[in-house]
Amino acid sequence: MNKEGLKKISYGVYIVNTVNSGCVVNTLTQVTNDKITVTINKDNYTNKMLKEYKKFNVTVLTKNTDMTVIQTFGFTSSKDNDKYANFKTEADSNNIPYIKEDMAALIEAEVTDIIDVDTHTIFIAKILNTKKLSNNEVMTYDYYHKVKNGVTPPKAPTYEKPKKGYRCKICGYVYEGEELPKDFVCPICGAPASAFEKID
Ligand SMILES: Cc1cc2nc3c(=O)[nH]c(=O)nc-3n(C[C@H](O)[C@H](O)[C@H](O)COP(=O)(O)O)c2cc1C
């Protein structure tokens with residue numbers, strides 16, 4: 001199957017926060033005036049926590065959002081570390097944390113239905129409340145890739161296996177090419193060339 005067309009679908013970039021867990025997603029969609037859906041990989045801890053607690057919030061990332069937020073929430077698991085420890089957080093009306101700085105909006109929601117899609121779960125949720133957090137321009141998935149040089153980790157639904165290159169063992173960033181320059185520095189987490197492994 002030719003997957004080129006899929007790259008033309010536009011998305012935003014968000015953080016889904018629930019109790020003790022949060023992760024970056026691009027698969028958030030508004031489906032009606034009071035419902036959203038989000039698709040989460042079953043291997044992500046946030047999937048388990050959403051099924052358990054049902055209530056969550058979403059923050060809408062902006063072009064100003066620090067890349068360390070994406071690195072922490074998109075490339076590490078809440079199962080292994082407290083992602084919120086190094087950031088200033090606020091609590092929403094259900095006491096679920098979120099990072100307010102450089103976000104465009106907060107959406108509070110509650111899961112009403114779930115749909116099993118093999119490796120992923122589609123969560124359908126009722127919107128409980130929303131709040132504008134800033135007038136900053138929102139970060140689109142396209143901007144994340146083209147301007148921020150961002151990548152997508154294996155547990156994201158839109159992940160595509162790169163053909164050849166070197167993978168950062170710290171954050172998963174893949175440099176595509178035959179030779180990794182000796183002075184290469186990972187654009188996501190700042191790791192040196194020695195932290196990269198060859199992939200075929
Ligand atoms: C730009 C970007 C988009 C992502 N989109 C999704 C997504 O839509 N669904 C998903 O399950 N994971 C997505 N991920 C991957 C998760 O954020 C990642 O696997 C995270 O480490 C899971 O954390 P957790 O184990 O604490 O839930 C995305 C990551 C990035 C960087």
Side-chain angles (χ1 to χ4, degrees), residues 6-7 9-31 36-87 89 96-99 102-104 107 109 111 114-125 138-162 167-175 186-191:
L6 295 178
K7 293 190 180 146
I9 297 175
S10 53
Y11 307 90
V13 184
Y14 312 91
I15 296 180
V16 167
N17 300 288
T18 183
V19 180
N20 300 331
S21 176
C23 76
V24 174
V25 300
N26 63 280
T27 53
L28 187 103
T29 306
Q30 180 178 356
V31 285
I36 51 174
T37 58
V38 62
T39 305
I40 312 256
N41 190 305
K42 287 180 187 168
D43 288 340
N44 287 336
Y45 195 62
T46 305
N47 186 309
K48 179 177 151 57
M49 288 294 123
L50 271 183
K51 282 177 183 153
E52 217 163 288
Y53 291 106
K54 308 254 185 322
K55 286 195 174 144
F56 65 99
N57 70 55
V58 175
T59 48
V60 180
L61 273 64
T62 70
K63 292 180 177 175
N64 301 13
T65 304
D66 199 290
M67 285 300 272
T68 59
V69 173
I70 299 182
Q71 201 278 319
T72 304
F73 284 83
F75 291 90
T76 66
S77 182
S78 319
K79 199 166 41 188
D80 310 318
N81 64 314
D82 176 5
K83 295 188 182 183
Y84 301 92
N86 295 326
F87 299 99
T89 58
I96 295 168
Y98 67 95
I99 297 169
D102 292 326
M103 298 291 170
I107 299 164
V111 175
I114 62 170
I115 300 173
D116 189 282
V117 201
D118 307 325
T119 51
H120 289 71
T121 307
I122 299 177
F123 292 91
I124 303 174
V138 299
M139 185 187 290
T140 62
Y141 202 43
D142 201 42
Y143 182 89
Y144 170 71
H145 285 294
K146 290 192 181 141
V147 182
K148 296 280 201 179
N149 286 320
V151 291
T152 308
K155 285 181 199 160
T158 49
Y159 175 74
E160 251 190 86
K161 204 169 179 286
R167 182 190 294 115
C168 174
K169 287 188 271 185
I170 313 293
C171 73
Y173 172 80
V174 173
Y175 171 90
C186 178
I188 301 293
C189 70

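Read the numbers this way: they start at 1 and go in the same order the structure lists the ligands and their atoms. Numbering starts at 1 and runs along the sequence shown. All values below come from the heavy atoms of this structure, side chains included, with hydrogens, waters and symmetry mates left out.
- Applying the ring-ring contact (aromatic ring centres under 6.0 Å, His included) criterion to Phe75, with sequence neighbours excluded, gives no partner residue.
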Which N/O atoms of ligand 1 sit under 3.5 Å from a protein N/O, and at what distances?
unit_1	atom_1	unit_2	atom_2	d
ligand 1	5 (N)	Asn26	N	3.2
ligand 1	5 (N)	Asn26	OD1	2.9
ligand 1	8 (O)	Asn26	N	3.3
ligand 1	8 (O)	Thr27	N	3.4
ligand 1	8 (O)	Thr27	OG1	2.8
ligand 1	9 (N)	Thr39	O	2.9
ligand 1	11 (O)	Asn41	N	2.8
ligand 1	11 (O)	Asn44	ND2	2.9
ligand 1	12 (N)	Asn44	ND2	3.3
ligand 1	12 (N)	Lys155	O	3.4
ligand 1	14 (N)	Val24	O	3.2
ligand 1	17 (O)	Val24	N	3.3
ligand 1	17 (O)	Val24	O	2.8
ligand 1	17 (O)	Phe73	O	3.4
ligand 1	19 (O)	Asn44	OD1	2.9
ligand 1	21 (O)	Thr76	O	2.8
ligand 1	23 (O)	Thr76	O	3.4
ligand 1	23 (O)	Lys83	NZ	3.0
ligand 1	25 (O)	Tyr45	N	2.9
ligand 1	25 (O)	Ser77	OG	2.6
ligand 1	26 (O)	Ser78	N	2.7
ligand 1	26 (O)	Ser78	OG	2.5
ligand 1	26 (O)	Lys83	NZ	2.9
ligand 1	27 (O)	Tyr45	N	3.2
ligand 1	27 (O)	Thr46	N	2.9
ligand 1	27 (O)	Thr46	OG1	2.6

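- Asp66 has its side chain out of reach of Asp102: every pair of non-hydrogen atoms, C-beta onward, lies at least 4.5 Å apart.
- Judged as a ring-ring contact (aromatic ring centres under 6.0 Å, His included), and not counting sequence neighbours, the contacts of Tyr141 are Tyr11, His145.
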Passes side-chain hydrogen bond (donor to acceptor under 3.5 Å, both in side chains), Tyr84 versus Asn17? Steps please.
CA-CA 10 Å; Tyr84 301 92; Asn17 300 288; 2.8 Å; yes

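- In terms of the salt bridge (charged side-chain N to carboxylate O under 4.0 Å, His left out) criterion, residue partners of Lys63 (sequence neighbours excluded) are, by chain and number, Glu137.
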> When you look at Val58 and Val38, which way does the side chain to side chain contact (heavy atoms under 4.5 Å, CB included) test go after all the steps?
Replying inline: CA-CA 10 Å; Val58 175; Val38 62; over 6 Å; no

